[in-house]
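See structure below.
Numbered from 1 within each chain, the chains take letters A, B, ... in sequence-line order.
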Protein chains: 2
Amino acid sequence: MNSSRPVTIKDIARRFRCSPSTVSRALNDHPAINEDTRKNIQEYAKEVGYQRNEVSLSLLNKKTATLGVVVPTIGNYYETAVIEGLHTVLQPLGYTLNICVTNENYLLEKEYLSKLLSNRTEGIFLSVSQETYDAGYYEHLESVIQRKTPLIFIDREYEDFETSRATVDDYHGAFAAVEHLITIGYKNVAHLKGPNGLTVSEQRFKGYRDCLKKYDIAIREELIINTNFQVESAIVPTKRLLDLDSPPDAIFGVNDQVAIGAMRVILDRGLKIPGDIGIVGFDNSPISAYTYPSLTTISRPGRKIGMEASRLFLNQINASGDFAHESIVLPSELIIRESSLRIS
Amino acid sequence: MNSSRPVTIKDIARRFRCSPSTVSRALNDHPAINEDTRKNIQEYAKEVGYQRNEVSLSLLNKKTATLGVVVPTIGNYYETAVIEGLHTVLQPLGYTLNICVTNENYLLEKEYLSKLLSNRTEGIFLSVSQETYDAGYYEHLESVIQRKTPLIFIDREYEDFETSRATVDDYHGAFAAVEHLITIGYKNVAHLKGPNGLTVSEQRFKGYRDCLKKYDIAIREELIINTNFQVESAIVPTKRLLDLDSPPDAIFGVNDQVAIGAMRVILDRGLKIPGDIGIVGFDNSPISAYTYPSLTTISRPGRKIGMEASRLFLNQINASGDFAHESIVLPSELIIRESSLRIS
DNA sequence: ATATCGAATGCAAACGTTTGAAAAAATTTT
DNA sequence: AAAATTTTTTCAAACGTTTGCATTCGATAT
């Protein structure tokens, strides 16, 4: 009962006792078609709700106007901002975005990539999943390369992989965050780190570490605890930090979620923010401006990343022979709010 | 220079001096193919990275295994949870989700729907955009119906439209929220309402209104102010509420974002939550458990909605003649936290 | 009346794959 | 060695659309 066969050009041709070619030309306003014929056919097509089968066109032209966006999650502000940026540039050019969520799962990522290639996707924007990263897998990317489908890394990447990429300067952002805490007078800065192995985690950690070094502050391993980016994952680590004999007087969270979780624990202990403990997050998610206290954070221009990534893709497909991969690194910016503003 | 033509079955056939049929059968493990032939062909195919062209298959079988998900935004927790739910059920069945974000824009919604149909999408999950709703447009849905492509409403819907739908019981959720505030002793409950016209906004508003009625509390128009669901949009309205001669002693926000924005303004004024003012949100977004104070809210099972919507879709395509549209309304649940827990 | 021209339409191939039926090749049975 | 049988392969059509080239059909010019 379902799905009555869609009207095709052939159906219309039969109806008008003419050839499919004529119908096709009529519908596309080809000049060599009689005005009356054209009008009749177009009217009838509209009446019966004809809609051209893009699948057949894709096959004919080897163009699908579809792009894949493969990300570990769309639950956070950053990813959705990136997608919005991609969308802003690419939708007007007629591209459809096929958004694939891997849930940090390597097998799913692999399957999606394979599927995208099978569907003749014209380009892929990828932020690799955690599992993929952990295991160092990258064979599944080879087929993408082999097929010369443009592959653009966004956010999470393999540093030694030969493609274009658009990322945020996590290192200097983290550095600035910690430097801000230190200049304002905090002495013992802890770090709620992201999962090991991911570039974002490691770059931010490196920024943290190098900043302490710059100010000749010894790194205390017990002040560095892992989280998984989720707000819940900050709870126990923060408690552990506060229970130390010599607890930190500031915390740099790998992202806003984690920072907000930490704030909650700190406030529950009756400590003051920023009075007793200063907090800085990362991402500048919309909520960070409205927490209590509001959260000092590092802006992370997701929308811009999406737009830059789009540009990289467009460059690549328009390249005439002399194409070289490009790496865009956008600066991140310190946004000072209440959670770190101790009047010293 | 870009995109070396992908290897086709014909290429392989030429290489083995056999027909495309043989190659096709060999690759699909057809029993009527000689074991050696099969092995040779499969090996070679793997070697040259053959990947079957799903576009041609789609054309042949009139099956694309693609579903459209058209939503106004993916920036909020709820939408991403719904998508996750859809994904959970449909991905294992081989479906690809094509996620389209309309940004509340009618024209974009229309374009996406048309594109999805042209691409022979096998089903569409739709949460209509605000513009669409405001203007009462629905002609663009006619072509979907005409083509008998299953259309499932998620979240935002037209009440008098003949399709399946899976929604959350906004009305009773809102009712429970307000009743909770009243039973705990709050007398003047304000409502930060969502945009006019949207079912979600109106249902929640109705729940608010009817609950007040039940407790014989007069509705004060000045306690009802519109927002656009964003945290920022709650700031000015909340200030206006607090500036009233007789300000409210509780606020029911149309969602958690708005409630969090309101909390911020209230705390800035030096008022206590829940002591002076009680707050309830809606959505049970992950952050709501970790704000300070934590936010009483109404859970909204987005994941379940996605899974139910999937079920509705599957029912529809498997229906044998006697198919009737179904409306699923999932209950929402009051989650009591600090922001409303005044010890009376 | 025939050649010439222009306008309108049709033919056929192509895109990559699958599949029922027919054909060819290899094997077994008489 | 011929016939019967089985195994393996090929043929051809189909999905819906576009497009260069050929064809048809009037009309105009010779």
Side-chain angles (χ1 to χ4, degrees), chain A residues 3-42 44-45 48-66 114-115 117-122 147, chain B residues 3-42 44-45 48-66 114-115 117-122 147:
Chain A
S3 70
S4 62
R5 194 174 59 79
V7 179
T8 72
I9 273 193
K10 286 185 186 175
D11 297 329
I12 301 180
R14 241 188 314 276
R15 159 76 173 67
F16 282 93
R17 290 181 220 287
C18 69
S19 72
S21 332
T22 304
V23 177
S24 170
R25 292 198 173 99
L27 292 173
N28 292 317
D29 290 324
H30 192 285
I33 293 291
N34 184 285
E35 185 61 16
D36 287 343
T37 319
R38 191 185 63 73
K39 222 158 65 187
N40 287 335
I41 290 182
Q42 288 193 354
Y44 180 75
V48 296
Y50 169 79
Q51 231 161 349
R52 93 134 141 324
N53 186 332
E54 293 289 347
V55 177
S56 74
L57 253 195
S58 293
L59 180 58
L60 188 61
N61 298 334
K62 297 155 174 260
K63 293 246 160 104
T64 54
T66 300
S114 157
K115 215 166 191 173
L117 289 182
S118 280
N119 286 329
R120 299 304 188 256
T121 296
E122 295 179 29
R147 270 273 279 295
Chain B
S3 71
S4 62
R5 195 173 58 79
V7 179
T8 73
I9 273 192
K10 287 184 185 174
D11 297 331
I12 301 180
R14 239 189 315 276
R15 159 76 173 64
F16 283 93
R17 287 182 223 287
C18 70
S19 74
S21 332
T22 303
V23 177
S24 171
R25 291 201 170 95
L27 292 173
N28 292 317
D29 288 325
H30 192 286
I33 291 292
N34 183 285
E35 183 61 16
D36 287 343
T37 320
R38 191 185 63 73
K39 222 157 68 186
N40 287 334
I41 290 182
Q42 286 193 355
Y44 180 74
V48 295
Y50 169 79
Q51 230 159 351
R52 95 139 144 316
N53 186 332
E54 292 290 346
V55 177
S56 76
L57 252 196
S58 292
L59 180 59
L60 187 61
N61 299 333
K62 296 157 176 258
K63 293 247 160 103
T64 54
T66 300
S114 156
K115 216 167 191 172
L117 288 182
S118 280
N119 287 328
R120 299 302 187 257
T121 296
E122 295 179 30
R147 270 274 277 294

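- Expressed to the nearest 0.5 Å, how far OG1 of A:T66 lies from NZ of B:K115 amounts to 8.0 Å.
- Distance check, rounded to the nearest 0.5 Å: NZ of B:K63 to CD of B:E122 gives 6.5 Å.
- Atom-to-atom, CZ of B:R147 to P of D:dG16 comes out at 11 Å; the value is rounded to the nearest Å.
- At least one side-chain nitrogen or oxygen of A:K10 sits closer than 4.0 Å to the OP1 or OP2 atom of D:dC15.
- Residue A:R17 is classed as a sugar-phosphate contact, given heavy-atom separations below 4.0 Å to backbone atoms only.
- A sub-4.0 Å separation between OP1 or OP2 of D:dT8 and a side-chain N or O of B:R38 is absent.
- Each of B:L59 and B:S21 lies near DNA chain C, and the nucleotide nearest B:L59 is the one positioned closer to the 5' end.
- If you measure from atom NZ of A:K63 to atom P of D:dT19, you get 12 Å, rounded to the nearest angstrom.
- Between atom OG1 of residue B:T22 and atom CZ of residue B:R38 there is a gap of 14.0 Å, rounded to the nearest 0.5 Å.
- When rounded to the nearest whole Å, the span between CD1 of B:I12 and P of C:dT18 equals 11 Å.
- To the nearest 0.5 Å, atom NZ of residue A:K39 and atom CG of residue A:N34 are 10.5 Å apart.
- OP1 and OP2 of D:dC15 both lie 4.0 Å or more from every side-chain N or O belonging to B:S56.
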Could you give me the CA-CA distance, side-chain angles and deciding distance for B:V55 and A:V55, then say whether side-chain contact (heavy atoms from CB on, under 4.5 Å) is met? CA-CA 6 Å; B:V55 177; A:V55 177; 4.1 Å; yes
List the steps, then state whether side-chain contact (heavy atoms from CB on, under 4.5 Å) holds for A:V7 with A:Q51. CA-CA 7 Å; A:V7 179; A:Q51 231 161 349; over 6 Å; no
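- Separating the OG1 atom in A:T64 from the CG atom in B:N119 is a distance of 9.0 Å, to the nearest 0.5 Å.
- Look at CG on A:L57: it is 15 Å from C1' on C:dG16, rounded to the nearest Å.
- Across the protein-nucleic acid pair, A:E54 atom CD and C:dC15 atom C1' stand 15 Å apart, rounded to whole Å.
- With axes fitted over five pairs at each extremity, the angle between the ends of the helix from C:dA1-D:dT30 to C:dT30-D:dA1 is 80° (10° resolution).
- Rounded to whole Å, atom P of C:dC15 lies 13 Å from atom CZ of A:R120.
- Residue contacts for A:T37: at a heavy-atom cut-off of 4.0 Å it reaches the sugar-phosphate backbone alone, with no base atom in range.
- At a non-hydrogen distance threshold of 4.0 Å, B:S24, B:R25, B:N28 from residues 22-36 of chain B come into contact with DNA chain C.
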For side chain to side chain donor-acceptor pair (under 3.5 Å), just list the numbers for B:S24 and B:S21, CA-CA rounded to whole Å, side-chain angles, deciding distance to a tenth of an Å, and then say yes or no. CA-CA 5 Å; B:S24 171; B:S21 332; over 6 Å; no
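- At a threshold of 4.0 angstrom between heavy atoms, the contacts of B:F16 with the nucleic acid are absent.
- Distance check, rounded to the nearest 0.5 Å: OG1 of A:T37 to CZ of A:R25 gives 12.5 Å.
- Between B:N61 atom CG and C:dG16 atom C1' there is a gap of 12 Å when expressed in whole angstrom units.
- Protein atom CG of B:L60 is 6 Å distant from nucleotide atom C1' of D:dC15, rounded to whole Å.
- The shortest side-chain heavy-atom distance between A:L59 and B:N53 falls under the 4.5 Å cut-off.
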